[in-house]
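The structure displayed is predicted, hence computed values, not measured ones. Letters go in sequence order (proteins before strands), and every chain restarts at 1.
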Amino acid sequence: MPELPEVETVRRALAPVLEQQFIAAAFVGRDDLRWPLPENLAARLLGRRFTSVDRRGKYVLMHLDQQDILLLHLGMSGSIRIYDTPPPLGKHDHIMLTIAASPTASATHYVVLNDPRRFGWVDVFPAAHQDSHKLLRHMGPEPLGNGFSAAHLQMVFKGRQGPVKNALLNQQLIAGIGNIYASEALFHAGISPRRKAATVRGQRAERLAAAVVKTLRAAIEDGGTSLRDHVQPGGEIGYFVQRLAVYGRAGQPCQTCTTPIKMIVQSGRSSFYCPRCQG
DNA sequence: CGGCATCCCTGGGAGC
DNA sequence: TGCTCCCAGGGATGCC
């Protein structure tokens with residue numbers, strides 16, 4: 001599922017359910033997802049209190065008492081569901097946290113991580129290590145934060161001979177953009193996905209930066225994009241799928257000029273664009 | 001360092 | 001209906 005907007009919908013759903021609440025029970029159904037889970041994960045989580053729920057790129061960072069962070073990445077097929085009664089666990093429900101107002105109070109919520117392909121991952125580490133964490137330390141700025149601008153894009157694209165589409169997917173340059181929103185942002189900026197990243201400067205960089213921000217914000221408003229796996233934690237689908245201009249629309253008319261949308265493969269991933277508007 | 005191919009894994013849909 | 005094949009929103013890794 002999950003690019004920045006989908007992960008943000010997860011964060012927004014989790015925050016009010018978790019903050020200042022305790023883990024009264026923890027079920028961990030296997031010892032690895034993409035990588036081995038932290039040893040004794042269930043025991044380490046039991047009795048802990050959540051302080052706040054943040055997001056960084058495509059990661060959810062759940063802050064725990066004792067200055068720890070519970071990190072979650074949903075990979076390609078992961079989803080979080082929140083229930084108020086104990087749900088039956090399915091084959092791919094790997095982790096369930098029982099949430100309560102105190103470690104021994106009766107449950108208020110059940111938070112379940114489902115991930116059929118198991119490309120997701122989970123870690124627990126001291127908050128002090130966040131900046132040095134292997135998976136976080138090289139991540140680029142948040143596109144919806146203060147560190148992102150056309151000037152930033154131009155700077156990180158400088159010298160890059162590869163296509164701008166690939167550069168947008170590079171989490172070290174900008175955090176949180178995945179295959180859907182890379183195509184969408186490029187369409188809204190009127191830039192071909194094949195254009196060499198280094199040539200996105202000046203007005204083009206301005207248009208792209210603005211399109212990235214606008215596209216991501218609109219998708220968050222709609223609860224993300226549901227193609228096959230993504231559901232919001234309350235079970236709602238993400239409605240941005242109805243607003244996709246090019247992604248998944250090969251052969252359909254461009255909404256601006258009616259030219260058929262084209263699909264190409266770049267570094268093994270599909271890209272969609274209008275050959276006329278994004279010449 | 002940049003760029004590309006490969007790999008991890010399961011399930012859904014297309015095509016026969 | 002049932003089988004096979006291909007594809008999928010992620011990123012680490014290793015090779016050139």
Side-chain angles (χ1 to χ4, degrees), chain A residues 1-10 29-37 55-60 71-80 90-94 113-123 133-140 155-186 193-200 212 215-216 219-220 222-232 237-251 263-272:
Chain A
M1 88 182 209
E3 305 182 29
L4 187 153
E6 291 74 37
V7 178
E8 177 63 17
T9 67
V10 169
R30 52 182 303 129
D31 60 10
D32 67 329
L33 290 171
R34 170 156 189 182
W35 290 309
L37 293 170
R55 180 189 54 72
R56 181 78 175 92
K58 301 173 190 173
Y59 292 88
V60 181
L71 172 147
L72 169 68
H73 192 292
L74 294 167
M76 280 176 69
S77 62
S79 62
I80 291 283
K91 184 176 171 186
H92 301 299
D93 291 329
H94 305 303
L113 169 66
N114 179 282
D115 187 1
R117 293 175 72 182
R118 306 202 300 276
F119 280 6
W121 57 94
V122 168
D123 196 11
H133 192 284
K134 175 184 159 192
L135 300 170
L136 302 175
R137 66 184 165 193
H138 296 304
M139 199 175 303
M155 177 182 72
V156 296
F157 286 175
K158 189 173 182 185
R160 298 218 157 233
Q161 302 304 302
V164 61
K165 160 74 173 357
N166 291 7
L168 282 177
L169 292 181
N170 186 334
Q171 303 299 297
Q172 300 190 15
L173 308 184
I174 322 152
I177 299 175
N179 211 36
I180 295 178
Y181 299 108
S183 279
E184 291 297 305
L186 286 166
R194 319 166 74 134
R195 171 174 282 276
K196 193 191 291 186
T199 71
V200 177
V212 163
T215 305
L216 294 178
I220 290 170
D222 279 356
T225 299
S226 291
L227 289 183
R228 45 181 68 79
D229 295 321
H230 172 62
V231 287
Q232 299 184 64
I237 64 163
Y239 292 99
F240 195 72
V241 63
Q242 298 168 10
R243 301 197 202 290
L244 295 177
V246 290
Y247 187 86
R249 295 187 169 275
M263 186 190 89
I264 58 174
V265 175
Q266 298 178 286
S267 290
R269 327 246 356 229
S270 46
S271 302
F272 299 85

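Between Arg269(A) and dA8(C) there is no side-chain N or O to OP1 or OP2 distance below 4.0 Å. Neither OP1 nor OP2 of dG10(C) sits under 4.0 Å from any side-chain N or O of Arg118(A). When the side-chain nitrogen and oxygen atoms of His92(A) are compared with OP1 and OP2 of dC9(B), none of them lie within a distance under 4.0 Å. Distances shown here put a side-chain N or O of Asn166(A) below 4.0 Å from the OP1 or OP2 atom of dC4(B). The phosphate of dC4(B) has OP1 or OP2 within less than 4.0 Å of a side-chain N or O from Ser267(A).
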Checklist line | Gln232(A) and Tyr239(A): CA distance, side-chain angles, deciding distance, side-chain hydrogen bond (donor to acceptor under 3.5 Å, both in side chains) verdict | finding: CA-CA 10 Å; Gln232(A) 299 184 64; Tyr239(A) 292 99; over 6 Å; no

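Summarising the geometry, the separation between CD on Gln171(A) and C1' on dG2(B) is reported as 17 Å, rounded to the nearest angstrom. Between Glu3(A) atom CD and dG11(C) atom P the separation is 9 Å, expressed in whole Å. We find that NE2 of His138(A) is positioned 9 Å from P of dC1(B), with the value rounded to whole Å. Distance Leu71(A) CG to dG11(C) P: 12 Å, rounded to the nearest Å. Asn114(A) has its CG atom 10 Å from the P atom of dG11(B), to the nearest Å. In this structure, Leu227(A) atom CG and dC7(C) atom P are separated by 17 Å, rounded to whole Å. Computed from coordinates, the Arg117(A) CZ to dT10(B) C1' distance equals 7 Å when rounded to whole Å. Computed from coordinates, the Asn170(A) CG to dG3(B) P distance equals 9 Å when rounded to whole Å.
A distance-only check finds no donor-acceptor pair linking the side chain of Gln266(A) to the backbone of Lys165(A) [under 3.5 Å]. Looking at His94(A), its side chain does come within 3.5 Å of a backbone N or O of Asp115(A) through a donor-acceptor pair. Thr215(A) places no side-chain N or O within donor-acceptor distance of the main-chain N or O of Val212(A), the cut-off being under 3.5 Å. Not one N or O on the side chain of Ser226(A) forms a donor-acceptor pair closer than 3.5 Å with the backbone of Ile237(A). Glu6(A) places no side-chain N or O within 3.5 Å of a backbone atom of Ser79(A) that could act as its donor or acceptor partner.
Remark: DNA chain C forms stems of 3 or more consecutive Watson-Crick or G-U wobble pairs, all pair distances under 3.5 Å, at B:2-8 with C:10-16, B:10-16 with C:2-8.
Ring geometry for Phe240(A) against Tyr181(A) counts as tilted: the plane angle lies between 30° and 60°, on a 0 to 90° scale.
With respect to the salt-bridge test (charged N to carboxylate O, under 4.0 angstrom), the residues Asp32(A) and Arg30(A) qualify.
Contacts of Tyr181(A) with the nucleic acid, taken as non-hydrogen atoms under 4.0 Å apart, are absent.
Atom name P, nucleotides dT13(C) and dC9(B): the rounded distance is 15 Å, in whole Å. Here, dC6(C) and dT6(B) have their P atoms 15 Å apart, quoted to the whole Å.
Geometrically, Lys134(A) engages Trp35(A) in a cation-pi contact, judged by NZ or CZ lying under 6.0 Å from the ring centre and within 45° of the ring axis.
At most 12 non-hydrogen atoms from other residues, nucleotides or ligands lie less than 6.0 angstrom from CZ of Arg194(A).
With dG11(B), dG11(C), dA8(C) as the candidates, the nucleotide lying closest to the side chain of Ser270(A) is dA8(C).
Residue Gln161(A) is the one, among Phe119(A) and Gln161(A), whose nearest nucleotide of DNA chain B lies closer to the 5' end (criterion: closest heavy atom).
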Could you list all N or O pairs between the protein and nucleotides 12-16 of chain C that sit under 3.5 Å apart?
| from | atom 1 | to | atom 2 | distance (Å) |
| --- | --- | --- | --- | --- |
| dA12(C) | O4' | Arg34(A) | NH2 | 3.4 |

